Colleague: 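This is the structure, below, for whatever I ask next.
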Amino acid sequence: MNAIVCKDLCKTFKQGEEIITGLNNVSIIIEKGDFVCLSGPSGSGKTTLLNAIGGLDTPDSGEISIGDIRIDKLGKGALADMRLHNIGFVFQAYNLIPVLTARENVEFVMQVSGMSAAERSQKSHAILKEVGLEGMEDRRPAQLSGGQQQRVAVARAIVSQPTLILADEPTANLDSVASSQLMDLFTQLNRHHHITFVIATHDIRVMKYAKRLIGMEDGKIISDQINNDQTINVQTVNNKAQ
Amino acid sequence: MNITLRMAWRNLWRHKRRTWLTVGAMIFSNLLLVFLISLQFGSYRMMIDNTLRSYTGHMQVQNKTYNDDPKIRNSFAAIIPLADEIRHQLGTDSVAARGVAFAMTSSKQRSYGLQIIGVEPDFETRVSTLPGLINKGHYFTDINAEEIIIGSVLARNLRVDIGDELTLLGSGRDGSFAAGIVIVTAIFESGVADIDRSMAQVPLGYFQSLFSMGDGGHNIVINAEDLPLVPLVQQNVNDIVHQRKELAVLGWNKLQPGLKQAIQADMASAWFMYAVLIVLVAFSVLNTQLMSVLERTREFGTMMALGVKPIRLGSLVITETFIMSSLGLAIGAVLGSALAYYLSIVGFSYPGMEEMAGKFNLPDRMYPSLSPLSIFLGPGIVFFCSLLASIYPALRLFFLQPVSAMKAV
């Protein structure tokens, strides 16, 4: 089953007098449960594609479907609902709400979606335990390391059980240990919760975890291949799980 | 605690100084408003009370036609027994009957036109400050005495003093010729030249015989214990006189319409000043919340990316303002009330007030009048205007795009 279908996506930006091409007739199909890395140099269109898939930005032309929903046809309110219930976001700079604790950051999304306090509390506790932050629930973002903050962001992204997680350079601000821990976590979530991952990155270490690698340049897809090294990482994860 | 409320509360204390400056402006304006409005209400009360207690009284019983057509024939009968009954029923002495007529007053050397008021000597002192303004001689002791009290300007004009005789010439109620000789027993000085020149009092019994009034008169003046009690007392007096269809009970606003107009004019100018203060506070809130929203553009962008709708973000901004305004209202109203309450007990005066008040036989201190209206009117408007001011920063969030917002520094 297809998780994401993009067809002939085009997007241009105006920077002063110059017109910059963000996406140039991009068409891709990503299956449910896939683990995809979008790679390419800066300005290649990775983030633009990710934003378009996430409904954060609208393409100039083309079609985008998440599951059965044509999101390019949705209004602002419906897009917000779709993001709330179906998509989790992980950002390069974590983007946690600084005045809320780790637990409150995770619960915030659940409260917005109208979940009861008891259910929120139970779920946030379980998710934070799953991402390895047990005992740090009441710390605010400023009291956590970069890796821990990114784990809170991941917990926030998965707590409403989305079918899709979009991550934009999630390891860019992390050291190598924290990076590999985060990618191990992503791999586990992908395998155990069957969440589809689309990660924009130019970090080779991250690409190694992907099942599928899509290369981009100048707003176009220039390569799309299955990652043969990925099995090694899965094995590593399985070994760790044992 | 609701997460929006919790976030709003914590967001406020991210910039403690800025928040306290804004809340401080609200506290100061609310304190000032509570105090000034209480003072204003107190001064109006004092102004009404002083004006009414000087002569008109809080209410009067009159012939229905008298207020619009104050002629001698528009009187009513058995005025003293009715005044007695009202005193008895209300259980107060602050009720006095009067008759009003005009006469030519002559001394040996000069003549002047004069308004003659017939008064009950035992009770006039309870409804009018005029007897207290006597600076020469003594007040009447007998209701039938052929005596007169005149103002200092008239005494000077007529060139008379205590013990001198005056001749009164006028028309009686029945059109007959009214003539009498009276002895000046006292001279008063109200400080108002018009009154001191053109008004005199004689005892009511003598007045009735001089002007062929029979047992009649023109009005019964009644003072309530306190201004807020006037409507209740007026209702009671209505109940007492309701069987006499020719009579009407008129409140002070009907008797002195100019007083109400003067107060309304003063209120309008005071509210203009208050409006300036309120607008300044509202702009301070607008500035704070606008800065706060601009600083958190990235945060709002993230929340929108997570699926939070702009209306929820807007409600967060309005909740923050609600908290600040509530703090400003609570602290400002408490401090303002405390100050106004203290001064409503001890009173206060300004330089020269005592001297001036003594001259007019008036209280020498001002007392703010604290009431739920004076406590909550000003701060309530500040509260409402602050919330209004935060609508613009909240509305900006509706035009935010998640991608560009998250790129904001």
Side-chain angles (χ1 to χ4, degrees), chain A residues 11 13 22 47-48 50-52 54-59 75-101 103-115 117 120-121 124 140-142 153 156-160 162 166 168, chain B residues 1-16 18-19 288-289 291-324 394-409:
Chain A
K11 177 78 181 173
F13 302 100
T47 300
T48 308
L50 216 58
N51 288 340
L56 296 176
D57 209 354
T58 47
K76 271 185 173 181
L79 269 175
D81 283 335
M82 203 245 348
R83 287 197 296 269
L84 184 65
H85 299 293
N86 301 324
I87 304 175
F89 287 92
V90 178
F91 305 100
Q92 178 181 337
Y94 329 128
N95 290 22
L96 297 176
I97 299 166
V99 292
L100 299 182
T101 64
R103 183 173 48 78
E104 288 166 343
N105 261 287
V106 175
E107 283 191 18
F108 177 68
V109 178
M110 290 189 279
Q111 186 170 38
V112 173
S113 58
M115 209 176 275
R120 287 199 310 262
S121 172
S124 63
R140 291 208 187 172
R156 181 179 66 180
I158 62 173
V159 76
S160 53
L166 303 174
D168 190 8
Chain B
M1 198 200 288
N2 176 289
I3 206 157
T4 306
L5 202 59
R6 204 179 317 165
M7 278 174 74
W9 176 257
R10 291 180 192 168
N11 278 332
L12 286 178
W13 306 114
R14 285 162 90 166
H15 295 279
K16 286 193 185 80
R18 189 170 66 194
T19 300
T288 301
Q289 288 303 75
M291 274 174 70
S292 166
V293 165
L294 287 172
E295 278 170 5
R296 290 183 287 158
T297 303
R298 185 189 173 91
E299 217 170 290
F300 286 126
T302 304
M303 288 193 261
M304 288 176 90
L306 295 175
V308 180
K309 289 180 182 165
I311 192 153
R312 200 179 178 104
L313 301 178
S315 72
L316 177 68
V317 173
I318 294 195
T319 306
E320 289 168 10
T321 313
F322 179 86
I323 294 172
M324 281 197 295
L395 277 179
R396 283 180 63 100
L397 297 169
F398 283 78
F399 301 97
L400 222 55
Q401 296 298 328
V403 172
S404 52
M406 281 193 291
K407 283 179 187 163
V409 181

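Values below: every heavy atom of this structure, side chains too, minus hydrogens, waters and symmetry copies. Chain A is the first sequence line, chain B the second, and so forth, proteins listed ahead of strands; every chain is numbered from 1. All values reported here derive from a predicted model rather than from experimental measurement.
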Colleague: Which atoms of A:Val112 are under 4.5 Å from chain B, going by heavy atoms: the side chain, the backbone, both sets, or neither?
Modeller: both
Colleague: Counting only N and O atoms by type, is there a donor-acceptor contact under 3.5 Å from the side chain of A:Ser124 to the main-chain atoms of A:Arg120?
Modeller: yes
Colleague: Which residue out of A:Leu56, A:Val109, A:Ile97 racks up the most heavy-atom pairs below 4.5 Å with chain B?
Modeller: A:Leu56
Colleague: Please classify the contact between A:Arg140 and chain B as side chain, backbone, both or neither, with a heavy-atom cut-off of under 4.5 Å.
Modeller: side chain
Colleague: So for A:Asn51, is it side chain, backbone, both, or neither that comes closer than 4.5 Å to the heavy atoms of chain B?
Modeller: side chain
Colleague: Any carboxylate oxygen within less than 4.0 angstrom of a Lys/Arg side-chain nitrogen, looking at B:Glu299 and B:Arg14?
Modeller: yes
Colleague: Under 4.0 Å between a side-chain nitrogen and a carboxylate oxygen: does that hold for B:Glu320 and B:Arg296?
Modeller: yes
Colleague: Find the distance between CZ (B:Phe300) and CG (B:Leu316) and round it off to the nearest 0.5 Å.
Modeller: 5.5 Å
Colleague: Give the member of B:Ala305, B:Gly301, B:Pro402 that has the highest number of heavy-atom pairs under 4.5 Å with chain A.
Modeller: B:Ala305
Colleague: Mind ranking A:Glu107, A:Arg83, A:His85 by heavy-atom pairs under 4.5 Å with chain B and telling me who comes out on top?
Modeller: A:Arg83
Colleague: Do the rings of A:Phe89 and A:Phe91 sit parallel, tilted or perpendicular, given the 30° and 60° boundaries?
Modeller: parallel
